[in-house]
Amino acid sequence: MTTYSLPVETAGVEDFDEMNRFLNLLFHHEVEPEAHEAERAIFEPERGLLVRDGADLVATTAAFTRELTVPGGGIPAAHVSMVGVAPTHRRRGLLTAMMRRQLRDIHDAGREPVAVLWASEGRIYPRFGYGLASQRALITAETAELRMPAPTTDEGRLRLDRPADRQPDLARVYDRARADRPGWSARDDRWWRYVLVDPESQRGGATERRVVLHEGPDGIDGYGLFRTKSDWDVTGPKSTVTVDEVVTTSPVAYRAIWRMLLSMDLTRQLSWGRAAEDEPLLRLVDEPRRLGTRLVDALWLRVVDVPAALAARRYATDVDVVIEVTDELLPENTGRWRLLGGPKSAVCTPASGPADLACDVRCLGELFLGGAKLTALADAGRVRELHPGALASAGPAFAWHRAASAMEVF
C-alpha cells in the first residue's frame with residue numbers, strides 16, 4: 001500500500017449531494033430522488049469526513065447519532081456509514097486515514113463508548129479494531145414444503161396496509177420490542193422515513209412494500225414488512241415473498257404473521273435476509289431444513305472507550321475479572337481493566353493486579369452484544385486465559401438471553 005498525503009476534512013451540509021452520488025457510483029446504484037431525500041434527512045454533516053484530490057471527491061465516511069440496544073438497556077453508539085474510496089485512489093491509505101480520524105473524534109467527544117457498522121467485506125474492518133458482534137440468518141425457504149402449527153381460537157386479526165400509512169403503529173411495536181433486542185437501533189421519524197422509503201428502481205421487479213399487521217386484545221402487537229415478485233413456469237405459479245422485517249411483542253402475533261407469509265397464494269419461495277440466530281421460526285416449522293438457513297455476518301462493533309463500554313452493559317451472571325486489553329489505534333484503552341458487574345449494574349476501573357484474561361480490543365467488540373462465546377475466542381487463540389478458571393467463570397456473564405441481531409442496514 002502506498003501512502004498518499006491528502007487531508008481528511010469535515011463535511012458540510014453542501015457536500016451531501018456530491019457524497020451521495022459518489023457512494024451510489026461506488027456501490028453500483030442509481031441515484032433515486034426519493035431515497036436521496038430520505039438519506040439527506042439523516043445526514044449529520046458535522047460527523048461526515050471526506051478526502052479530495054484537487055476538486056475531485058475521492059473518499060468519504062460518516063457517522064449517525066443513535067441509541068443502540070445492548071444487554072440490559074440502551075447506550076449511545078456511533079453508527080458508521082457512507083464509507084467509500086474511489087477506484088482511482090485505492091490502496092493509498094485513504095481509508096486508514098479516515099478510520100483513524102473518525103475513531104479519534106468519537107473517543108475524544110466522550111459521548112459514545114462504541115461504534116457499529118455493516119461491512120461490505122468482512123476483511124476490511126478488523127484491522128481498525130471492529131469485531132463481529134452479531135450474525136444474521138439468511139432464509140431461503142421452499143414454502144410448499146413447510147407447515148406451521150394449526151391456528152388456535154385466539155389468533156387475533158390480520159390486516160394489510162401501506163407501511164407509510166401505519167408508521168405510528170409500526171414505531172410503537174418496534175420500540176416495545178427493541179428494548180430487549182441487543183443490536184437494534186433507535187428510530188425517530190427521520191429514520192422511519194429512511195427505513196420505509198421504497199423507490200421502484202430498488203424493487204428488483206417486485207411489488208411495492210406492504211405491511212401485514214396483527215391486532216390482539218390490546219391493539220396492534222406485531223407487523224411484517226414484505227413484498228412479492230410474480231413468477232410462473234409450465235408447472236404453474238412460483239412467486240416469491242421477500243421479507244424485510246417481522247417485529248412482534250407476543251408469540252401469538254409472531255405465529256399468525258408467519259403463517260400468512262409462508263402460505264400466500266401463488267407463492268412457492270420466501271426469502272429473508274435478517275433473521276436472528278435464535279429466530280423462533282426455526283422452531284415452529286415442521287421441516288426446518290426447507291428454510292435453507294445459513295449464517296453470515298451482520299453488525300461489527302468497535303469498543304471506543306473500554307471502561308465506559310464495559311460499564312454500560314449488563315451481565316447475565318455476576319462477574320469479577322481483570323482483562324488486559326491492547327489497542328493499537330486508541331492507546332488509552334491499552335492496559336488492565338477490572339470489570340465488576342452483574343444483571344443490575346457494572347463498573348470498570350483500571351487494575352493494578354495481575355490479569356485473568358488478555359485480548360485485543362477487537363475481541364471486546366465481538367463479546368459486547370453477547371454474540372460471541374468467550375471460550376470460542378480462546379479456542380481460536382484470540383483470548384488468553386492467564387488465570388485458570390477465568391474462562392469458565394467469565395464466559396457465561398458475557399452471554400445474554402437473546403441473541404444479538406440487527407434489524408436494518410444503515
Side-chain angles (χ1 to χ4, degrees), residues 10-11 15-16 19-20 23 27 35 38-50 60-71 73-84 95 98-122 124-126 128-136 171 174-175 178-179 181-197 244-245 273-274 297-305 308-309 312-313 329-330 361-362 364-366 368-369 371 404-410:
T10 302
D15 293 310
F16 172 76
M19 292 174 69
N20 190 262
L23 289 162
F27 284 90
E39 290 160 5
R40 184 198 301 279
I42 61 174
F43 180 58
E44 300 175 41
E46 70 281 3
R47 305 201 71 177
L49 298 174
L50 53 85
T60 67
T61 187
F64 304 121
T65 305
R66 303 178 73 182
E67 183 181 87
L68 179 74
T69 302
V70 303
I75 65 171
H79 286 56
V80 174
S81 187
M82 300 182 74
V83 183
L95 179 62
M98 289 192 305
M99 291 290 103
R100 286 176 176 268
R101 162 73 181 275
Q102 186 177 63
L103 286 171
R104 175 50 63 188
D105 288 349
I106 295 169
H107 179 277
D108 290 353
R111 297 187 298 269
E112 298 158 321
V114 302
V116 290
L117 56 75
W118 287 80
S120 56
E121 296 181 75
I124 296 175
Y125 294 98
F128 305 118
Y130 283 87
L132 178 54
S134 74
Q135 294 183 287
R136 56 193 171 109
Y174 181 87
D175 287 344
R178 184 180 74 86
R181 300 284 183 173
W184 287 23
S185 301
R187 295 174 179 172
D188 59 17
D189 285 343
R190 297 171 306 129
W191 278 96
W192 271 107
R193 288 193 292 272
Y194 170 79
V195 168
L196 296 180
V197 70
D244 291 329
E245 295 185 3
R274 291 193 287 276
D297 62 295
L299 272 188
W300 294 74
L301 187 145
R302 213 295 183 180
V303 172
V304 179
D305 183 329
R313 61 155 288 182
L329 298 186
L330 294 173
V361 74
R362 177 186 166 196
L364 294 185
E366 296 187 49
F368 191 75
L369 295 179
S405 62
M407 184 53 67
E408 77 197 52
V409 177
F410 48 84

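Note that the structure is a prediction, hence the values are computed from the model and not measured. For reference, positions follow the sequence shown, starting with 1.
No more than 12 heavy atoms of other residues, nucleotides or ligands sit less than 6.0 Å from atom CZ of R111. Residue-environment remark: CZ (R100) stays at or below the threshold of 12 foreign heavy atoms within 6.0 Å.
Using a 4.5 Å cut-off on side-chain heavy atoms (C-beta onward), R47 and I106 make contact. V80 has its side chain out of reach of V116: every pair of non-hydrogen atoms, C-beta onward, lies at least 4.5 Å apart. The shortest side-chain heavy-atom distance between P182 and V70 does not fall under the 4.5 Å cut-off. Considering only heavy atoms from C-beta on, I124 stays 4.5 Å or farther from M99 through its side chain. Under the 4.5 Å side-chain criterion, counting only non-hydrogen atoms from C-beta, F43 is not in contact with N20. Counting only heavy atoms from C-beta outward, the side chains of I75 and F368 approach each other to under 4.5 Å. Side-chain contact between T69 and M407 is absent, with no heavy-atom pair separated by less than 4.5 Å. For the pair V83 and L117, the minimum side-chain heavy-atom distance is 4.5 Å or more.
Atom CG of residue L50 and atom CG of residue D15 lie 5.0 Å apart, to the nearest 0.5 angstrom. From H79, atom NE2 reaches atom CD of E67 across 9.5 Å, with rounding to the nearest 0.5 Å. Rounding to the nearest 0.5 angstrom, the gap separating the OH atom in Y125 from the CG atom in L132 is 14.0 Å. Rounded to the nearest 0.5 angstrom, M98 CE and D105 CG are separated by 12.5 Å. Between atom CG of residue D305 and atom NE2 of residue H107 there is a gap of 5.0 Å, rounded to the nearest 0.5 Å. Note that OG1 of T61 is 11.0 Å distant from CZ of R101, once rounded to the nearest 0.5 Å.
A salt bridge between D189 and R193 is absent, with no side-chain N of the basic residue lying under 4.0 Å from a carboxylate O of the acidic one.
The only option from R274, R178, R187 that meets the salt bridge (Lys or Arg N to Asp or Glu O under 4.0 Å) definition with E245 turns out to be R187.
Contact between A115 and V304 at its shortest, heavy atoms only, is N-CG2, 3.9 Å. Summarising the geometry of A133 relative to A404, their closest heavy-atom pair is O-CB, 3.7 Å, with the distance given to 0.1 Å. Annotation for A298 and A406: closest pair CB-CB, 4.4 Å, computed over non-hydrogen atoms. The two residues A63 and A78 have their closest heavy-atom pair at CB-CB, 4.5 Å. Summarising the geometry of L369 relative to L301, their closest heavy-atom pair is CG-CD1, 4.1 Å, with the distance given to 0.1 Å. Heavy atoms only, all atoms of each residue included: M19 and A11 are closest at SD-CB, 3.9 Å.
Of the possible donor and acceptor atoms, none in the side chain of W118 sits under 3.5 Å from a partner among the backbone N and O of S81. In terms of modelled atom types and a separation under 3.5 Å, the side chain of Q102 and the main chain of A62 share a donor-acceptor contact. Although no hydrogens or angles enter the test, the distance criterion places no donor-acceptor pair under 3.5 Å between the side chain of R313 and the main chain of P71. The backbone N or O of D297 sits less than 3.5 Å from a side-chain atom of R136, completing a donor-acceptor pair. No donor-acceptor pair under 3.5 Å is formed between the side chain of R362 and the backbone N or O of P126.
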Q: Run the numbers on E112 and T65 for side chain to side chain contact (heavy atoms under 4.5 Å, CB included), then give the verdict.
A: CA-CA 9 Å; E112 298 158 321; T65 305; 4.1 Å; yes

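Taking the six-membered ring for Trp, W191 and F410 have ring centres at least 6.0 Å apart.
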